[in-house]
Trainee: 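Sharing a structure with you now.
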Amino acid sequence: MLYVPSSLSRDFDKDLRAAGIPKRTAAGKVDFHACRVAYINLVMESATTEKETQELARHATPHMTLNVYGRVREERLAETVEKVAERVRSERNHAHSMQRQAVGAEIENATPLENTELRIK
């Protein structure tokens with residue numbers, strides 16, 4: 001089994017001092033719970049499923065994992081938006097040359113080549 005000291009908070013504070021990590025900053029305080037939140041969010045960002053994250057957090061419900069412990073990092077949101085924008089730009093640049101095919105039909109260009117008004121110049 002896992003050994004958990006009876007004076008966990010006091011031992012944690014001693015470890016913080018030894019590592020030169022301030023207990024309180026402008027962003028908040030560092031305690032055992034803050035480390036647990038950080039761990040759970042690192043697990044969530046590691047492309048695990050909700051169920052796997054819940055299991056690793058040892059929570060009874062996914063609600064507890066996602067809504068109490070889950071945090072959103074602004075830089076991850078910005079990265080995601082950039083990825084979506086890049087994908088949209090990429091697809092828009094190639095949409096005129098996309099081809100479609102129906103079952104039993106021959107491949108034909110989505111934009112008829114004989115209609116010069118529809119072609120991108």
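We use all heavy atoms of the structure for the numbers below, so side chains are in, but hydrogens, waters and symmetry mates are not. Each residue takes its place number in the sequence, starting with 1.
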Trainee: Please answer whether the main-chain N or O of Glu52 pairs with a side-chain N or O of Thr49 as donor and acceptor at a distance below 3.5 Å.
Mentor: yes
Trainee: Let me confirm one number: the CG-CG distance from Asp11 to Leu16, rounded to the nearest 0.5 Å.
Mentor: 11.0 Å
Trainee: What distance do Leu77 atom CG and Glu82 atom CD have between them, rounded to the nearest 0.5 Å?
Mentor: 12.0 Å
Trainee: Using every non-hydrogen atom in the two residues, find where Val30 and Pro22 come nearest and quote the distance to one decimal.
Mentor: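 Smallest interatomic distance, heavy atoms only, reads CG2-O, 3.9 Å.
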Trainee: How many angstroms lie between CD in Glu45 and CD1 in Ile40, if you round to the nearest 0.5 Å?
Mentor: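 If I round to the nearest 0.5 Å, the distance is 12.5 Å.
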Trainee: Above 12 or not: heavy atoms from other molecules or residues under 6.0 Å from CZ of Arg73?
Mentor: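 Correct, the count exceeds 12.
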Trainee: Starting at NZ of Lys14, measure out to OG of Ser9 and round the result to the nearest 0.5 Å.
Mentor: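 Separation between the atoms: 12.5 Å.
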Trainee: Looking at Phe32 and Phe12, what are the two nearest heavy atoms and their distance?
Mentor: N-CE2, 3.8 Å
Trainee: Do you know which two heavy atoms are closest between Arg71 and Asn41, and how far apart they sit?
Mentor: N-OD1, 2.7 Å
Trainee: Mind checking the OG1-NZ spacing from Thr65 to Lys51? Nearest 0.5 Å is all I need.
Mentor: 9.0 Å
Trainee: Kindly indicate, with the supporting measurements, whether the criterion side-chain hydrogen bond (donor to acceptor under 3.5 Å, both in side chains) is fulfilled by Thr53 and Thr48.
Mentor: CA-CA 6 Å; Thr53 303; Thr48 58; 2.6 Å; yes
Trainee: Decide side chain to side chain contact (heavy atoms under 4.5 Å, CB included) for Arg17 and Asp13; before the verdict, give the C-alpha distance in whole Å, the side-chain angles of both, and the deciding distance to 0.1 Å.
Mentor: CA-CA 6 Å; Arg17 281 192 301 279; Asp13 290 347; 3.8 Å; yes
Trainee: Are Leu66 and Tyr39 connected into the same hydrophobic cluster when the rule is that any two of I, L, V, M, F, W, Y join if their side-chain heavy atoms are below 4.5 Å apart?
Mentor: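 Tyr39 clusters together with Leu66.
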Trainee: Mark yes when over 12 heavy atoms from residues, nucleotides or ligands other than Lys23 sit less than 6.0 Å from its NZ; otherwise mark no.
Mentor: yes
Trainee: Would you check, one step at a time, whether the test side chain to side chain contact (heavy atoms under 4.5 Å, CB included) holds for His33 with Tyr69?
Mentor: CA-CA 10 Å; His33 187 258; Tyr69 283 82; 3.4 Å; yes
Trainee: Roughly how far, to the nearest 0.5 Å, is the CD atom of Glu75 from the OG1 atom of Thr80?
Mentor: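 If we round to the nearest 0.5 Å, Thr80:OG1 and Glu75:CD are 10.5 Å apart.
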Trainee: Does the side chain of Glu50 reach to within under 4.5 Å of the side chain of Met44, using non-hydrogen atoms?
Mentor: no
Trainee: So Glu86 and Lys83, side chain to side chain contact (heavy atoms under 4.5 Å, CB included) or not? Walk me through it.
Mentor: CA-CA 5 Å; Glu86 183 58 38; Lys83 286 177 186 175; 5.8 Å; no
